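This structure is a prediction, so every number in the text was calculated from the model and none was measured.
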Amino acid sequence: MPEYTLNRNHLHRSTQGFTIKFEKGRPVHVPPACEREVVAFGAERVDGDNPDVLAPENVDDPTPVGQDREAILFAAFEQIVAVNDSKDFGAAGTPSIKAVERLVKFGIDKKELLEVWQAFRASKDEAQ
């Protein structure tokens, strides 16, 4: 993982589901998915060049949206429920973000996870 420094203390909560704690002047490992975000607020890469935050993202592999995204998340929930491993669930009985992201290969935040999980549970209740 690349390392970045920042000229101030900062706790960054990324849109990819990561939390990165910056301490002034100390290098911190940043997941590749979050590099553009941290550069956008002033972090600098320790070795190598910063990514261009204005360049378009990889358009060859777009993140699914709308009903396609929901269908992929429903399929992931099906797998998680079928395996029924306690490590894949939180205390409230919802799947963990890590477990879902491992299956879907794109980032998801807590709010979206809860909304889609509720829709998934409602669809299962209707089917019974």
Side-chain angles (χ1 to χ4, degrees):
M1 261 192 273
E3 290 187 320
Y4 283 80
T5 60
L6 191 60
N7 63 354
R8 65 188 184 280
N9 293 337
H10 178 70
L11 183 63
H12 176 64
R13 291 181 179 90
S14 80
T15 59
Q16 304 296 319
F18 296 97
T19 301
I20 305 165
K21 183 179 180 181
F22 286 93
E23 292 181 21
K24 183 178 180 177
R26 295 184 86 192
V28 174
H29 291 287
V30 174
C34 301
E35 284 187 90
R36 291 169 58 112
E37 289 180 34
V38 300
V39 169
F41 65 76
E44 295 182 6
R45 192 169 177 154
V46 173
D47 66 5
D49 294 329
N50 288 340
D52 184 2
V53 295
L54 299 178
E57 298 231 17
N58 184 0
V59 292
D60 295 336
D61 186 26
T63 302
V65 294
Q67 291 179 337
D68 293 338
R69 186 176 179 99
E70 187 173 278
I72 292 169
L73 290 170
F74 272 37
F77 293 156
E78 289 282 358
Q79 286 182 319
I80 291 169
V81 169
V83 171
N84 200 24
D85 185 350
S86 63
K87 290 179 260 170
D88 290 340
F89 292 91
T94 60
S96 70
I97 290 175
K98 272 176 108 171
V100 173
E101 287 179 341
R102 185 177 61 242
L103 294 172
V104 299
K105 307 295 188 226
F106 56 80
I108 181 171
D109 64 17
K110 185 78 169 175
K111 181 181 176 190
E112 180 183 19
L113 174 80
L114 293 175
E115 288 172 358
V116 179
W117 175 250
Q118 288 176 350
F120 173 78
R121 296 298 303 157
S123 71
K124 291 298 176 189
D125 290 345
E126 289 174 8
Q128 290 181 1

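Atoms OH and NE2, on Tyr4 and His12 in that order, are 11.5 Å from each other to the nearest 0.5 Å. With rounding to the nearest 0.5 Å, the separation of CZ in Arg121 from CD in Gln118 is 11.0 Å. Between Phe22 atom CZ and Leu11 atom CG the span is 10.0 Å, to the nearest 0.5 Å. For the atom pair Arg26 CZ and Thr5 OG1, the distance stands at 12.0 Å (nearest 0.5 Å).
Nearest heavy-atom pair across Arg13 and Thr19 is CG-OG1, 4.0 Å. The two atoms that bring Lys105 and Arg102 nearest to each other are NZ-O, 2.8 Å, heavy atoms only. For the pair Arg8 and Phe41, the tightest heavy-atom approach, listed with the atom from each and the gap, is NH2-O, 3.3 Å. Contact detail for Lys21 and Val28: the closest heavy-atom pair is O-CG2, 3.5 Å. Counting all heavy atoms, side chain and backbone alike, Arg45 lies closest to Asp47 at NE-O, 2.9 Å. Taking each heavy atom of Ile20 and Pro31 in turn, the nearest pair found is CD1-CD, 4.0 Å.
Taking 4.5 Å as the limit, some side-chain heavy atom of Glu78 sits within range of a side-chain heavy atom of Lys124. At a threshold of 4.5 Å between non-hydrogen side-chain atoms, the residues Pro95 and Asp88 do not count as touching.
When the shell of 6.0 Å around CG of Asp49 is examined, it contains 12 or fewer heavy atoms from other residues, nucleotides or ligands.
Cluster partners of Val104, by chain and number: Ile72, Leu73, Phe74, Phe77, Ile80, Val81, Phe89, Ile97, Val100, Leu103, Phe106, Ile108, Leu113, Val116, Trp117, Phe120. The rule joins Ile, Leu, Val, Met, Phe, Trp and Tyr whenever side-chain heavy atoms lie under 4.5 Å apart.
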